[in-house]
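For reference, the structure is listed below as structure tokens.
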Protein chains: 4
Amino acid sequence: MLLEIDHHSGVPIYRQVMDQIRRQIVAGQLPESEQLISVRELAEQLKVNPMTISKAYTMLELEGFLERQRGVGLFIAKLRKDQKGQTKIRLLEQMLARAVATAVQLEIPEEKTRQIIARLYQKHGFPLRSHSDD
Amino acid sequence: MLLEIDHHSGVPIYRQVMDQIRRQIVAGQLPESEQLISVRELAEQLKVNPMTISKAYTMLELEGFLERQRGVGLFIAKLRKDQKGQTKIRLLEQMLARAVATAVQLEIPEEKTRQIIARLYQKHGFPLRSHSDD
Amino acid sequence: MLLEIDHHSGVPIYRQVMDQIRRQIVAGQLPESEQLISVRELAEQLKVNPMTISKAYTMLELEGFLERQRGVGLFIAKLRKDQKGQTKIRLLEQMLARAVATAVQLEIPEEKTRQIIARLYQKHGFPLRSHSDD
Amino acid sequence: MLLEIDHHSGVPIYRQVMDQIRRQIVAGQLPESEQLISVRELAEQLKVNPMTISKAYTMLELEGFLERQRGVGLFIAKLRKDQKGQTKIRLLEQMLARAVATAVQLEIPEEKTRQIIARLYQKHGFPLRSHSDD
DNA sequence: GTGGTCTAGACCACA
DNA sequence: GTGGTCTAGACCACT
């Protein structure tokens with residue numbers, strides 16, 4: 001599991017961990033039912049406090065993305081196929097909703113917003129990847 | 001000047017004040033060179049402590065959106081014409097960048113993102129002014 | 001009397017007025033025993049509050065640079081010849097003392113400080129003026 | 001870290017703290033990447049309210065001299081090598097500029113200013129380290 | 001009237 | 001443990 005922590009972003013570390021794991025799960029990058037790397041190990045990898053990782057794991061469990069097996073560890077939850085798709089759209093919509101609300105207040109037309117979106121997609125090199133599962 | 005404070009959002013009050021005033025300035029909703037509502041008055045309106053408002057004003061002054069006249073009050077700074085436009089785009093890009101980064105990781109194609117954007121714009125009744133059926 | 005007020009410098013206006021008048025007096029740019037421009041008039045010229053000018057005048061009177069003739073107005077005080085010279089040096093020394101203290105802490109050598117001084121003098125075009133009264 | 005607060009100078013305490021820390025950083029007296037003394041501790045040392053120290057730290061962070069690590073503390077920022085030198089010169093120039101502007105208006109020749117500078121440097125026992133007769 | 005500073009004390013998020 | 005936020009209330013400088 002590859003995670004990147006930005007200590008200067010202002011975003012709490014436990015949130016960065018949550019967001020990245022959640023995304024990897026719904027993106028299917030983390031195989032279902034597999035055991036998660038342990039709190040201690042991940043903490044060591046990322047050079048952060050174990051309590052921070054523990055907090056992230058606990059909250060992801062509350063959200064239903066992780067399942068705890070007492071005495072064993074945490075596992076990726078099995079999500080129904082449509083659940084994944086729904087979550088993906090929901091996560092994206094949340095972020096876009098705030099962006100569009102801002103754009104509307106600033107009277108930035110949809111066309112301009114589209115241009116920015118297009119540029120950002122290009123920057124991420126997305127067109128090169130296949131997206132047949134949508 | 002209309003401001004809305006959400007005491008339960010977790011976002012510091014002074015930041016909510018900053019963000020809303022900054023946006024109103026770059027959106028041209030606050031006329032240049034005009035005196036701002038006073039610290040005490042806004043504090044009373046919003047039912048918060050004057051220091052909280054003072055902090056927001058001070059930070060906006062540091063950012064260059066407000067100008068102080070000692071003993072008189074704070075005024076909307078005159079921004080160069082291009083500065084406003086740049087700030088508007090910058091504010092929007094910040095929000096979109098995170099959204100697109102998420103979309104790419106979730107393998108949501110640009111077309112789908114566009115659809116969501118379009119729907120959100122419609123919901124806000126945009127384009128403004130050019131239609132008469134509002 | 002020519003005064004320039006910088007509303008954005010952070011220096012209180014009454015201080016800017018004091019400093020400039022004081023300097024003009026010891027520089028001999030204001031003829032001795034002449035009546036000062038009235039509070040109201042100067043306030044109008046500079047577009048500032050009359051109380052601000054009044055405060056500056058009062059403090060200069062306390063410093064001995066102005067003399068009040070009740071019912072008439074304020075006049076430039078007659079300074080003994082050596083007083084002017086002493087005041088000039090004192091004013092300069094005060095400012096230089098703080099600068100050198102800083103330079104020493106920052107380990108900036110005297111030579112570098114001299115260079116900066118020389119550049120600043122050139123910028124003011126000083127070498128062009130005669131300075132035979134020293 | 002040694003700081004001295006003058007409660008009667010009229011200069012806000014948080015500014016005195018900022019100025020002294022900033023100078024110590026660019027003077028290299030505070031080692032890079034080292035953790036700063038905590039807000040509470042410094043507040044206790046100086047017998048002032050923690051918020052006062054917090055304000056100074058926050059502003060220095062905005063200026064780029066300090067870096068925050070959430071939940072851990074504040075650290076001296078790593079400055080590019082030339083940044084330090086530039087800041088040193090900038091700090092000194094600011095003070096000298098006002099002094100020379102005064103000197104020019106008072107028609108004090110550069111030579112006289114140099115003499116005062118030289119005397120002040122001697123008083124501070126500069127040049128440092130290169131002499132052994134201290 | 002304006003904003004700026006400071007205090008004492010509370011509560012919170014983060015690691 | 002760390003810093004961040006907010007309050008209520010005081011005092012000050014400036015115009």
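Order of the sequence lines sets the chain letters (A, B, ...), proteins ahead of strands, with each chain counted from 1.
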Does a side-chain N or O from D:Arg68 land closer than 4.0 Å to OP1 or OP2 of F:dT2, or not?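 Looking at the OP1 and OP2 atoms of F:dT2, neither is under 4.0 Å from any side-chain N or O of D:Arg68.
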More than 12 heavy atoms of other groups within 6.0 Å of [X] [atom1]:
X       : atom1 : answer
B:Arg23 : CZ    : yes
C:Arg40 : CZ    : no
D:Gln86 : CD    : yes
B:Leu2  : CG    : no
D:Gln35 : CD    : yes
C:Glu63 : CD    : yes

Could you work out how much the helix from E:dG1-F:dC14 to E:dC14-F:dG1 bends, comparing the axis of its first five pairs with that of its last five, to 10°?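 The value is 30°.
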Option passing side-chain contact (heavy atoms from CB on, under 4.5 Å) with D:Phe65 (candidates D:Leu74, D:Leu60, D:Ile21, D:Leu30):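 Testing D:Phe65 for a side-chain contact (heavy atoms from CB on, under 4.5 Å) against D:Leu74, D:Leu60, D:Ile21, D:Leu30 leaves exactly one candidate, D:Leu60.
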Does anything in residues 35-56 of chain D reach DNA chain F, meaning a heavy atom under 4.0 Å, and if so which residues?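 Here the set is D:Ser38, D:Val39, D:Arg40, D:Met51, D:Ser54.
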Rounded distance in Å - [atom1] ([X]) to [atom2] ([N]):
X       : N      : atom1 : atom2 : result
D:His7  : F:dC11 : NE2   : C1'   : 16 Å
B:Leu74 : F:dC14 : CG    : P     : 17 Å
B:Met59 : F:dT5  : CE    : C1'   : 12 Å
D:Glu61 : F:dT5  : CD    : P     : 10 Å
D:Leu66 : F:dG4  : CG    : C1'   : 15 Å

With a 4.0 Å cut-off, would you call D:Lys78 and D:Glu32 a salt bridge?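 Salt bridge absent between D:Lys78 and D:Glu32.
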Sorted by number, the residues of residues 11-25 of chain D with heavy-atom contact under 4.0 Å to DNA chain E: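 Close to the strand are D:Pro12, D:Ile13, D:Tyr14.
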Do C:Ile76 and C:Glu67 have side chains that approach each other closer than 4.5 Å (heavy atoms only, starting at C-beta)?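 No, side chains not in contact.
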Kindly say whether C:Pro50 contributes a backbone atom to a donor-acceptor pair with the side chain of C:Ser54 at under 3.5 angstrom?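 No.
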Check: D:Val26 main-chain N/O paired with D:Gln83 side-chain donor or acceptor under 3.5 Å: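 Checking the backbone N and O of D:Val26 against the side chain of D:Gln83, no donor-acceptor pair under 3.5 Å is found.
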